[in-house]
2 protein chains.
Amino acid sequence: MVTRKEVALQAGVSESTVTRVMNGGYVSPSVREKVAKVIEEMNYRPNLFAQGLRTKRTYQIACIVPSIDNPFYGEVMQGIEEVAIEHGYVLSMYSSRVVNKSPGRSFFSGRNDAVILLSPGESRGWLLRDLWEAHMPLATFWDWETEAPSPSVSVDLRIGMQAAVEHLVSLGHRDIGYIGYMNPARAETDRNPRLTGFKESMAAHGLRTHPDQFQYTADRGSLDAGYHGVEELVGKFPGLSAIVTSNDLLAFGAIRWLEEHGIHVPEDISVVGCDDIAYSALSNPPLTTIAIPKREVGNHLMNLVLSLIESRKSHHDGSEHIQVPIELVVRSSTAVKRTNTE
Amino acid sequence: MVTRKEVALQAGVSESTVTRVMNGGYVSPSVREKVAKVIEEMNYRPNLFAQGLRTKRTYQIACIVPSIDNPFYGEVMQGIEEVAIEHGYVLSMYSSRVVNKSPGRSFFSGRNDAVILLSPGESRGWLLRDLWEAHMPLATFWDWETEAPSPSVSVDLRIGMQAAVEHLVSLGHRDIGYIGYMNPARAETDRNPRLTGFKESMAAHGLRTHPDQFQYTADRGSLDAGYHGVEELVGKFPGLSAIVTSNDLLAFGAIRWLEEHGIHVPEDISVVGCDDIAYSALSNPPLTTIAIPKREVGNHLMNLVLSLIESRKSHHDGSEHIQVPIELVVRSSTAVKRTNTE
DNA sequence: TTGAAAGCGATACCAC
DNA sequence: GTGGTATCGCTTTCAA
């Protein structure tokens, strides 16, 4: 590895001068040129550790994502990366699962200038506290409950769900099921906006709901959960003509189970998802879903931590919240309720 | 932030002793206990930069992935993370796209102890050279060409493709199309194992192939590419009864286009994918595909760089290659060739 | 405009 | 067993 010292020696100047050339200080044009050439030739790169040791900046942002195999988060990550790169930052990645069971908990600080928390779920408790104590700049993507504990970007899923129900009702559906994640530990205290939106909207249309219409999943949203979720749901509430799910993966899993059991989507049952991952437009049938602008969410998140870092404050003093608009995109997994002729 | 110095002061010992307690050196039990308690109380964490500056170890591994939104790579990443965590390493993530257009190219070294390169494509050229020059330990996941330039884990897609063709032929198909990625710049020189396997197997069954049976995509594998790919393919070679694609996303895109045009899968055309991402088992129809054990690939990759790091050598001296077995999993996107009654 | 020197917070080798 | 100290490569005053 080539150090600043060597460059200085080679160029016949002091180390300080090399630093000035690197960081744009006062250097006479002639010297600057000479040094720059040596730097180029020797392919000199400042040592990030030495640099970090002095400046306390790492130019690295930690992203904590639940289940990286959900393409949704992949797309958000891309959004984050786009603006990160632009500002000379790189990303480190941790999946919630390992964060949760990690022995050394606060392994973010020291290595990262800030952390971005995507859909904080189980981790919420101690993680947020840890981060707080470490004065770590923090931004979250918040699609849960109504209030975020830090600068955040969020989407109003309450509205989203309302749009979904509205759509379904306009197609003649009245018996609508719901499949979604629910932390069993906090079942009753949770202010889950999707659930709230769903219930509110049902009520607004004069539709009563029975507990059996709801199927809660233990994991945050996966194909399997959807697959087994509908199974239970239609088992305990057979009359359904439509189902709303809290994410696309759930919807796909559900659709599969239904098809396997001769229940066709959308002919027999309409299904609407949430997220609008890339696949949803090309699935069979193409999925009606609540579209979240994922890249944009990522962009905002990164900008948020950027400004946090710039202003050298952590999230404690007055949190900024950005609400990105979402919309229902209607495709082919929903259709008018079929008139039962049985 | 609490430093070693402060701990030493508080515990009434020297800084060296604190270090020994941290790193398991010779310390009398009584002192060790005392110091440990202080460390605990003050919640002391060694500064990674200072540490890295001395030891030149970062305990961070860079992963370069093409299109993070392909769930395939997400699953491989999980595999990597599993063993990384176990050994106290964390991951940083770069998507090839940004790596490719990044100004400061060798931004891995100094920050990472090693890099894992997933499906090096376009980046191959300069990136590999850069890494080499930086003496950076490197492992690649290599599903392309036959020889990897570094320790690597690979899958024998030639065999995989043969199995796919075999399967199709046994179902009575003779006119089989191929959709896959091909770097236009190296079209003829590329030793693409999938393509090779496909052609060989076709030949082995006495099936002649026409250039029009092949559809090359510019991107590495996406829904869109598959969607537009089939369109062109069936346009120029209408007689197809089966299609092999070089990844599942391509297959799904293709299936969608076909369905939209009244061509049913598998009744009219059989489609086989490659990768077996989670979704493939639950898609509609469930996809026949070549299954790659993604977690395992990730595990191997991380173990590879781990041993590289341990032995303090980069990849230059004798590369280890691990070949993970793959297999065709037959689901419902393939069926016996329908006898044309038109 | 340039150079010297004091740290940043750890490690590792050396005495004691 | 324990403490002192040089050192890692850089940034940042402060003089010159």
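Given the structure is predicted, the values throughout are model-derived calculations rather than measurements. Numbered from 1 within each chain, the chains take letters A, B, ... in sequence-line order. Atoms considered below: every heavy atom in the structure, side chains included; atoms not considered: hydrogens, waters and symmetry mates.
For B:Pro46, whose side chain is taken as the heavy atoms from C-beta onward, the closest listed nucleotide among D:dT2, C:dT2, C:dA10 is C:dA10. Counting only heavy atoms from C-beta on, A:Lys56 has its side chain closest to C:dG9 among D:dC10, C:dG9, C:dT2. Of the listed nucleotides (C:dG3, D:dC10, D:dT2), D:dT2 has the atom at the smallest distance from the side chain of B:Val31. Closest to the side chain of B:Ala50, out of C:dA10, D:dG4, C:dA4, is C:dA10. Residue A:Val13 has its side chain nearest to C:dG3 when only C:dG3, D:dA6, D:dG9 are considered.
Nearest heavy atoms, A:Trp142 versus A:Ser152: CB-CB, 4.3 Å. Nearest approach of A:Gly25 to A:Arg32, heavy atoms of both residues: O-NH2, 3.1 Å. The minimum heavy-atom distance between B:His321 and B:Ser150, with the atom names listed, is CE1-O, 3.3 Å.
Counting non-hydrogen atoms under 4.0 angstrom, A:Ser28 reaches the backbone sugars and phosphates but no base. Across all strands shown, B:Thr19 has heavy atoms under 4.0 Å from base atoms, whether or not it also approaches the sugar-phosphate.
Put simply, CZ on A:Arg45 is 17 Å from P on D:dG9, counting in whole angstrom units. The CD-P distance, from B:Glu15 to D:dT5, rounds to 11 Å in whole Å. Rounding to whole angstrom units, CE of residue A:Met22 and P of D:dT12 are separated by 13 Å. One interatomic measurement links the two molecules: CG of B:Leu48 to P of C:dG9, which rounds to 13 Å at whole-angstrom precision. The interatomic distance linking B:Leu9 (CG) with D:dT2 (C1') rounds to 17 Å, in whole Å. Between the CD atom of B:Gln51 and the C1' atom of D:dT7 there is a distance of 16 Å, rounded to whole Å. If you take CZ of A:Arg57 and P of D:dG9, they are 23 Å apart, rounded to a whole angstrom. One atom, CD1 of B:Ile39, and another, C1' of C:dA10, lie 13 Å apart when rounded to the nearest Å.
In this structure, a donor-acceptor pair under 3.5 Å is absent between the side chains of B:Ser16 and B:Thr19.
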Side-chain donor-acceptor pairs of residues 293-305 of chain B under 3.5 Å, sequence neighbours excluded:
from: B:Lys294; atom 1: NZ; to: B:Asp275; atom 2: O; distance (Å): 3.0
from: B:Lys294; atom 1: NZ; to: B:Asp276; atom 2: O; distance (Å): 2.8
from: B:Lys294; atom 1: NZ; to: B:Ile292; atom 2: O; distance (Å): 2.7
from: B:Arg295; atom 1: NE; to: B:Glu82; atom 2: OE2; distance (Å): 2.6
from: B:Arg295; atom 1: NH1; to: B:Gln78; atom 2: OE1; distance (Å): 3.0
from: B:Arg295; atom 1: NH2; to: B:Glu82; atom 2: OE2; distance (Å): 2.5
from: B:Asn299; atom 1: ND2; to: B:Gly79; atom 2: O; distance (Å): 2.7
from: B:Asn299; atom 1: ND2; to: B:Glu82; atom 2: OE1; distance (Å): 3.2
from: B:Asn299; atom 1: ND2; to: B:Arg295; atom 2: O; distance (Å): 3.4
from: B:Asn303; atom 1: ND2; to: B:Asn299; atom 2: O; distance (Å): 3.2

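The base of C:dG9 does not come close enough to the side chain of B:Arg54 for any donor and acceptor atom to sit less than 3.5 Å apart. Contact annotation: side chain of A:Ser16 to base of C:dA4, donor-acceptor pair present below 3.5 Å. In the interface, the side chain of A:Arg20 is paired with the base of C:dG3 through a donor and an acceptor atom under 3.5 Å apart.
Where B:Leu53 and B:Tyr26 meet DNA chain D, the nucleotide closest to each residue was compared, and B:Tyr26 sits on the side nearer the 5' end.
Residue B:Thr17 places at least one side-chain N or O closer than 4.0 Å to OP1 or OP2 of D:dG3.
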